[in-house]
Amino acid sequence: MLVKDQLCKFVFKKLPLFFPEKKATSTHFGICMLLCHKDMTMALYSLQSLFFHLGYALPLYIIDDGSLTKSDSATLRKLFTITIDTKSKALLKIRTNFGNYPTLLKYMEDEKNHVKRMKVAALLLSPFQKIICLEPDVLFFHLPAEIQSFKKTGKNYFGVLHQAVYEQQFVHDNMMEMHFRRLLYFHLKLDIHFLFNGGFLLLNKDTINKVSLAKIEKTLRIFYTVDYARMFYAEETILATLFEVNNSVLLPYPGYVNLVYPIEYDRTLPNRASAIHFITPTRLIFIYQGVKLALRSRLFSKK
């Protein structure tokens, strides 16, 4: 098994050298992403699998967490239509565009907060009217019907962790941060599921307005009152605030799966799911499934 794993990892790293260029023509519909060097290869599989099933490419807006190499940036620019901002450049844009929200600026500029805060920046700074907010560990196995609906309507779409995962990971393992987040949602009167997950989100840019930004500002003030801003999942509460509107729709399970434990996975899941978010403990499965998808699609070139 070890030899098989190592061989698959080797193939996983080498196949992207032969992935096709997929340039976009759209300017109003695109993808935003926070990306680091260690997730670079996953991002290539994620984007290629999405564009393959869509039948066309989308432009990208990416914030570099500070670890992308020159080679990473060159590869992204060769394959895709893309804008890449450094973290410092993105922060400068946040100061320029959101200077009326001092607690948001404080949260973004505080290096003691997790770098995941820059995922919020990527969404706020996205130049697109229709935004797919994507993490690099999401694979697409079929045409996502909700994307087609999203293009035509004003609805936003979001996903959640499966309830069984909450029972196992956060209750059984007594993960206090998620318990506290549940209380925080109650206190903030957030009318959205507290198991909200930020792996794959569809958001209309007009959702980012004075009302939602004021709610984010209020949320962040409470963060600093209880010292929650530094927590690993803090950015998801901010993202959830943007989806707390009547036209936000929950992505259906098992069409969209946030996979936390390898034991949750079964071989039929790729046949039933349009997209699977392979959260850190399941990333070895991402590698196997990414290689399978690439080979079966002739490196994401033919159905």
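Predicted model, so just to flag it, every value in this text is computed and none were measured.
Taking the charged nitrogens against the carboxylate oxygens, Glu235 and Lys116 do have a contact shorter than 4.0 Å, which makes a salt bridge. Residues Glu111 and Arg117 are paired through a salt bridge, judged by an N-O separation under 4.0 Å between the basic side chain and the carboxylate. In summary, Glu146 and Lys155 do not engage in a salt bridge, as defined by a charged side-chain N under 4.0 Å from a carboxylate O. A salt bridge between Glu135 and Lys119 is present, with a side-chain N of the basic residue lying under 4.0 Å from a carboxylate O of the acidic one.
Annotation: ring pair (Phe, Tyr, Trp, His ring centres under 6.0 Å) contacts involving residues 198-220, sequence neighbours excluded, comprise Phe140-Phe200, Phe200-Tyr256. Screening residues 84-130 for ring pair (Phe, Tyr, Trp, His ring centres under 6.0 Å) gives His114-Phe232 as the qualifying pairs, with residues at least two apart or on separate chains.
For Gln148, the side-chain hydrogen bond (donor to acceptor under 3.5 Å, both in side chains) test picks out no residue, with sequence neighbours left out. Listed by chain and residue number, Ser67 satisfy the side-chain hydrogen bond (donor to acceptor under 3.5 Å, both in side chains) test with Asp65 (two or more places apart in sequence, or in another chain). Applying the side-chain hydrogen bond (donor to acceptor under 3.5 Å, both in side chains) criterion to Glu244, with sequence neighbours excluded, gives Lys215. Among residues two or more places apart in sequence or in another chain, the side-chain hydrogen bond (donor to acceptor under 3.5 Å, both in side chains) test is passed with Asp72 by His37, Thr69. Residues satisfying the ring pair (Phe, Tyr, Trp, His ring centres under 6.0 Å) criterion with Tyr253, sequence neighbours excluded, are His162. In this structure, Lys14 has no salt bridge (charged side-chain N to carboxylate O under 4.0 Å, His left out) partners at least two apart in sequence or on a different chain. Legend: residues meeting ring pair (Phe, Tyr, Trp, His ring centres under 6.0 Å) with Phe51, ordered by chain and number and at least two apart, are Phe80. Tyr265 is linked by a ring pair (Phe, Tyr, Trp, His ring centres under 6.0 Å) to nothing, counting only residues two or more places apart in sequence or in another chain. Taking Tyr45 as the reference, Phe12, Phe19 meet the ring pair (Phe, Tyr, Trp, His ring centres under 6.0 Å) condition, with sequence neighbours excluded. Qualifying salt bridge (charged side-chain N to carboxylate O under 4.0 Å, His left out) partners for Asp266, counting only residues two or more places apart in sequence or in other chains: Arg272.
Contact record, Gly99 with Leu105: CA-CD1, 3.9 Å, taken as the closest heavy-atom pair.
Although no hydrogens or angles enter the test, the distance criterion places no donor-acceptor pair under 3.5 Å between the side chain of Ser73 and the main chain of Lys70. Side chain of Ser297 to backbone of Leu293: a donor-acceptor contact under 3.5 angstrom is found. No donor-acceptor distance shorter than 3.5 angstrom exists from the side chain of Gln289 to the backbone of Leu284, with no hydrogens or angles considered. Using modelled atom types, one side-chain atom of Lys22 and one backbone atom of Phe300 make a donor-acceptor pair closer than 3.5 Å. Here the side chain of His142 pairs a donor or acceptor atom with the backbone of Pro270 at under 3.5 angstrom. In this structure a side-chain-to-backbone donor-acceptor pair under 3.5 Å is present from Asn209 to Asp206. A donor-acceptor pair under 3.5 Å links the side-chain atoms of Asp64 to the main chain of Leu68, judged by distance alone. Between the Thr86 side chain and the Lys89 main chain, a donor and an acceptor come within less than 3.5 Å of each other. Formation of a donor-acceptor pair under 3.5 Å by the Arg230 side chain with backbone atoms of Lys112 is not found in this model. Put simply, the side chain of Asn97 gets close to the backbone of Lys93: a donor and an acceptor are under 3.5 Å apart.
The number of heavy atoms from other shown groups lying within 6.0 Å of OH (Tyr224) is above 12.
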